[in-house]
There are 2 protein chains.
Amino acid sequence: MQQSLTREEKRKIKLDVILRNAAKAFMERGYYKTSLDDIARMQNVTKPTLYYYIKNKEDILVKCEEQTCGRINAMLDDVMAEKLSGFDMLHLFIKEYIKIITDDVARCHVRHRGQMEDDVLKAKSIENHKDIEFRVREIIRLGIKDHSVRDCNSTILAILLFDSLNGITSWYHSDGKVSENELIDEVLALVGVGVKG
Amino acid sequence: MQQSLTREEKRKIKLDVILRNAAKAFMERGYYKTSLDDIARMQNVTKPTLYYYIKNKEDILVKCEEQTCGRINAMLDDVMAEKLSGFDMLHLFIKEYIKIITDDVARCHVRHRGQMEDDVLKAKSIENHKDIEFRVREIIRLGIKDHSVRDCNSTILAILLFDSLNGITSWYHSDGKVSENELIDEVLALVGVGVKG
DNA sequence: AATTTATGTTACTATTCAGTAACAATATAA
DNA sequence: TTATATTGTTACTGAATAGTAACATAAATT
C-alpha cells in the first residue's frame, strides 16, 4: 500500500516542527526558561518522545544552527557565482541575508550561536560563524581591489555589518510597521553611502 | 577615632566589586550557568552575604543597568548641550558611547537588558533603553533638519546603529589587535560615508 | 499473520541552585 | 564598658527540570 509520505519524510517533518516550536519558545521566553516539557507540550507529545528526534536540549540549538548555516552558505555560493563588483556582491548578500534570518529557526540560531555548554559543540559553532564571516570579508576585499568599496579594515567592517544584520532578528517582525523592502533599503543606504547629508 | 572610609563608602565599594565580578562571570559563562555561589566565591564570602548587598540574582542585572544607563544619559546630556550640527553630535555620541561600553558592567547590561524574569523589571529595562534610543533618534532628526544628515528613517537608523555599537561588547577587548581609536575611526567612517569606493 | 522496528507513554532519579532561618562575630556609638 | 547595628557564617528547604528505565502500541516488512 502506497503512503503519501514515507517514514523518513514524516520523521523529518516532525523534527522540523520541534525545531520551529522550540526556536519560537527560546526567542520568546529564553533558552533556560523554556523546559523540554514546555516544548513537548506544544507538539502534544511527552518529553521522552523528543529524545527520539534530538540527542538532548542543546542538540536543538545545534540543529537550528546546521539548518541556518546551510542556507547562508548556499546563498553565499550563489552570490559569489555572479559576475558582479565587490560592492554589488555585498549589496546582494545583505538583501538575501535579511530574507534568510527573518525566520524563527534562524533567529534562534543567531541569538544562541557560540553559547553551547559542550566545549566541542561551542567551538564548532564559533567556527561555523567565523567561516561565514570570512567569506563576507572576502567579498569586501574583492570590492576594495576593484575600487567599488572604499579602502577600509575589512575585518571590522564585516563584524559591524553582521551585528547590525543579526540585531534585526530581535526587533523586526514581518507583520510590524516596517516592511521588509523598507528595511532592506535603509540598510543598503546606510552601508552604501552612510548618513552624511 | 577617624576612619579612612565610612561604613556607607565601604558598602558601596563592596557592592561595586560584586557587580563587577558578577558581570564578568555572566559574560564569560552566561547568566544561568553562573550560580550565586560562584559569585560569592570570587569575593571570598558565602552566598548569604551577597543578600546583604543585593535583593536577589536578578537585582544584579538591574543594578548593572542603572549604573550603565546613568552614565549613558549623563553623556547624552553633555553631547546635546554642545552647539553642534546633528551630524557632529551623532559623531560625538558614537565616540563617547564606545568608550562607555568597554567595561564589564556595561557589557553585562547590554547583553542582558530586557531579559529579566520579573515582568515589572523587564518592562522597566525595555523602557530604559527606549528612552536612550529616543534621544539618539532626536539627534538624528536634528541632523536631518539642519541638513547635516541625509534624509532617512531615523528609527531604523538608530536601531541599526545601536546593534553595531552594542555588538562591540561581545568581540572587542581593549587588549586585542584592534585599538580603541582604530575601532572608533572605522565606525565613524562607516556611519559617516558608508563603504562605497 | 508473524516479526521486527519505530514511536510513544508513565513513573522515576539525580542534580542543581535560589533563597532563608538561626546563629556568631565584629565594629560603632552611647 | 555596654548596647546596638552591621556584616558575616553554617546548615537547610523547596522547586525546577534534564535525562532515563521499563513498558505499551502502532506500523511496516517478511
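In what follows, chains carry the letters A, B, and so on, assigned in the order in which the sequence lines appear, proteins first and then strands, with residues in each chain numbered from 1.
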Salt bridge check: are [X] and [Y] linked by an N-O gap of less than 4.0 Å?
X      : Y      : answer
A/K63  : A/D59  : yes
B/D38  : B/K33  : no
B/R135 : B/D131 : no

[X] [atom1] to [N] [atom2]: how many Å, rounded?
X      : N      : atom1 : atom2 : answer
B/E9   : C/dA27 : CD    : P     : 18 Å
B/L15  : D/dT6  : CG    : C1'   : 16 Å
B/Y31  : C/dC17 : OH    : P     : 13 Å
B/E8   : D/dA5  : CD    : P     : 16 Å
B/L36  : C/dT16 : CG    : P     : 16 Å
B/R41  : C/dT16 : CZ    : C1'   : 13 Å
A/I60  : D/dG19 : CD1   : C1'   : 13 Å
A/E117 : D/dT17 : CD    : P     : 14 Å

Criterion side-chain hydrogen bond (donor to acceptor under 3.5 Å, both in side chains) on A/T102 and A/S174, from CA distance to verdict: CA-CA 8 Å; A/T102 310; A/S174 47; over 6 Å; no
side-chain N/O [X] vs [N] OP1/OP2, d < 4.0 Å:
X     : N     : value
A/Y52 : C/dT5 : no
B/R11 : D/dT7 : yes
A/T46 : C/dG8 : no

Touch check for [X], heavy atoms < 4.0 angstrom, all strands: base, sugar-phosphate only, or nothing?
X     : answer
A/T49 : base
A/K14 : sugar-phosphate
A/S35 : sugar-phosphate

Candidate nucleotides C/dG19, D/dA18, D/dA21, ranked by approach to the side chain of A/P48 - the nearest: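 Of the options given, the side chain of A/P48 lies nearest D/dA21.
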Can you tell which of C/dA11, D/dG19, D/dT7 lies closest to the side chain of B/Y53? D/dT7
Could you pick out which residue, A/D38 or A/K55, lies toward the 5' side of DNA chain D when each is mapped onto its nearest nucleotide? A/D38
Looking at the base of D/dG19, is there any donor atom on it, or on the side chain of A/K47, that sits under 3.5 Å from an acceptor on the other one?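 By the distance-only test, yes, there is a pair.
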Among A/H91, A/M89, A/K95, which one satisfies side chain to side chain contact (heavy atoms under 4.5 Å, CB included) with A/V79?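 Checked A/H91, A/M89, A/K95 against A/V79; only one passes side chain to side chain contact (heavy atoms under 4.5 Å, CB included): A/M89.
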